[in-house]
**Q** 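What follows is a single structure, and I will ask about it in a moment.
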Amino acid sequence: MPGAPLERSFIDELDRDIHSSSASSTAVFAPFTGERIHDLPVSTTEDVTDAAARARAAQSRWYAAGFDHRRRVLLRAHDLLLERRELLIDALQTETGKTRGQAFEEVFIGASTTRYYAVSAKSVLRPRSRRAGIPLVVRTRVGYRPKGVVGVITPWNYPLSLSLFDVIPALAAGNGVVQKADNQGALSILAGRRAFIDAGVPAELWAVVAGDGNEIGNAVVDAADYVCFTGSTATGKKVAERAATTLTAASLELGGKNPMIVLDDVDPQKAARNAVYACYASLGQLCVSIERIYVQRGIAEAFTKEFVARTAALVQGPAFDFTTDVGSLTLPSQLERVQAHVADAVAKGATVLTGGKPRPDLGPLFFEPTVLAHVTDDMDCSRTETFGPVVAITVVDTADEAIAAANDSQFGLNAAVFGGSIRRARRVAHLIDAGSININEGYRATFSSVDAPMGGMKQSGIGRRNGREGILRFVDARTVAGATGLMTLPRTGAEFAKLSGLMIVLLIALKAIRRR
Ligand code: NAD
């Protein structure tokens, strides 16, 4: 059964879930057709403050209900996400213009994240004994307390999965959430959120607000006890500055200019076939998407020929079924940016191996998957993120040259290495400055590994989502230690005189047995 754009009556229902008291709204348009989808209600800064106060009140009950309750609710929500997957995929396609396959991936990763934190939160966060400073004399335990209300700010490109990457561990740890949705992704978030509310998450515990990025984004940062931001590096810096004024901690998941290295011991045809998906999924509007390929000379010709042929053969269009490989760009500003990068590169001498043009015959925001060669440092697309379907292939002589080129960037989010020998590929991977590195895959190996941390080096971000690291962001560690009464610690000069020798012997003994 093919899907369809979301129905008007359901959109109206979802719009009512935005925490908004104002009569204002903002128009949101469908990428596939350019038609108006809805007028999204806009929140005020007072709405954000109010949402945070309500979430804070709900949070103390949610935290008190304990891990086992939260686990039950989240596992129920997981099942509802799966039951409602077709509707969620429809929402994602309606708002982002991605293919059904790539919308399906969002639901898959969202459900994985929900299951993962439902099952693992307790084991990561339960209080544990730690080594006491003075064995037998002191007993030490560490526990974790939720931050309170977590502010989550999300972009439009992966509205459901990127939300759940942050919201679920925040909830699993016992927090409330106030989320600022990007206007273009709000319906997908609200449709996903309904599964959680219906499963038993109190509605006020997870509030969604919308509106102007600066105004509402700032209000969320001001109201939160911890901030999770996903978006561009430029905005991430503003969020970090704002959060610093109240010493509010933040994790920042930002942009990239992700490289792929293709080593000369790989099967070039096979590598090219896998590389294509890594570059053009969601038409390159994905933070971990590959935009630079460095291929070793020995296989460059064969690899490039196959890569270009496979790229040119991608089926593009506005389908609500699985008949297309790539979809549309999401926003007019994206089309402008992609066109500007290609025009600048061509004007400065780059060669277009395939693509390079918009496809207004398919819809207003379609642009062909594009491969460029002879890209030089003076071109905009060489160092700044295109965030679109534009990939530069560069031939290099050695693996070392490829590594140096890959690392010559202000970013360090994701990377890929294709190689015949896994051991050699791993050695190369080890030398790349990036938070995630995929071997013989573009991004999905790391992106799907929800037990492993994900995040950026350099200007690609601060902090990590997923894995233990992803939930430890949302708690404060608290140490509770006390005397056992076996011996009193020295207090007076006379007591130190009596016990200091014994304490030195203790230090020597602890080192001898290599006690931590
Ligand atoms: P953006 O920075 O323009 O917007 C992101 C969100 O921040 C939106 O909700 C926006 O309304 C809000 N915002 C805008 N100004 C704000 C402010 N002053 N304070 C607080 N919030 C504000 O980014 P975008 O164009 O929506 O997304 C694309 C960018 O996001 C790309 O650079 C991409 O690489 C990056 N991204 C990174 C990851 C990651 O995990 N590292 C994932 C997806 C996207």
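The first residue of the sequence shown is numbered 1, and numbering continues consecutively from there. When a ligand or atom number is given, it counts from 1 through the structure's own listing order. A quick note: this is a predicted structure, and the numbers were derived from the prediction, not measured. Only heavy atoms go into these numbers, but all of them, side chains included; no hydrogens, no water, no symmetry mates.
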**Q** Output, or 'none' if empty, a list of ligand 1-protein atom pairs in which both atoms are N or O and the distance is under 3.5 Å, rounded to 0.1 Å.
**A**
| from | atom 1 | to | atom 2 | distance (Å) |
| --- | --- | --- | --- | --- |
| ligand 1 | 2 (O) | Ser232 | N | 2.9 |
| ligand 1 | 2 (O) | Ser232 | OG | 2.7 |
| ligand 1 | 2 (O) | Thr235 | OG1 | 2.8 |
| ligand 1 | 9 (O) | Thr154 | O | 2.8 |
| ligand 1 | 9 (O) | Lys180 | NZ | 3.2 |
| ligand 1 | 11 (O) | Lys180 | NZ | 2.9 |
| ligand 1 | 18 (N) | Asn214 | OD1 | 2.9 |
| ligand 1 | 23 (O) | Ser232 | N | 3.3 |
| ligand 1 | 25 (O) | Trp156 | NE1 | 3.4 |
| ligand 1 | 26 (O) | Trp156 | NE1 | 3.0 |
| ligand 1 | 30 (O) | Gly231 | O | 3.2 |
| ligand 1 | 30 (O) | Ser232 | N | 3.4 |
| ligand 1 | 32 (O) | Glu385 | OE1 | 2.6 |
| ligand 1 | 34 (O) | Glu385 | OE1 | 3.4 |
| ligand 1 | 34 (O) | Glu385 | OE2 | 2.5 |
| ligand 1 | 40 (O) | Arg465 | NH1 | 2.9 |
| ligand 1 | 41 (N) | Leu254 | N | 3.2 |
| ligand 1 | 41 (N) | Leu254 | O | 2.8 |

**Q** Only counting residues at least two apart or in another chain, list the ones meeting side-chain contact (heavy atoms from CB on, under 4.5 Å) with Ala170.
**A**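 Once residues adjacent in sequence are excluded, the partners of Ala170 under the side-chain contact (heavy atoms from CB on, under 4.5 Å) criterion are Val150, Asn175, Val177, Phe474.
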**Q** To the nearest 0.5 angstrom, please state how far the CG atom of Leu81 sits from the CD atom of Glu106.
**A**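 That separation rounds to 12.0 Å.
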**Q** Suppose the criterion is ring-ring contact (aromatic ring centres under 6.0 Å, His included): which pairs have a residue in residues 326-348, not counting sequence neighbours?
**A** none
**Q** Going by an N to O cut-off under 4.0 Å, is there a salt bridge joining Arg468 and Asp451?
**A**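 Looking at Arg468 and Asp451, the cut-off is not met.
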**Q** Who are the ring-ring contact (aromatic ring centres under 6.0 Å, His included) partners of Phe387, not counting sequence neighbours?
**A** Trp156
**Q** Less than 4.0 Å between a side-chain N and a carboxylate O, is that true for Asp198 and Arg84?
**A**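 Counted as a salt bridge, because a side-chain N and a carboxylate O are separated by less than 4.0 Å.
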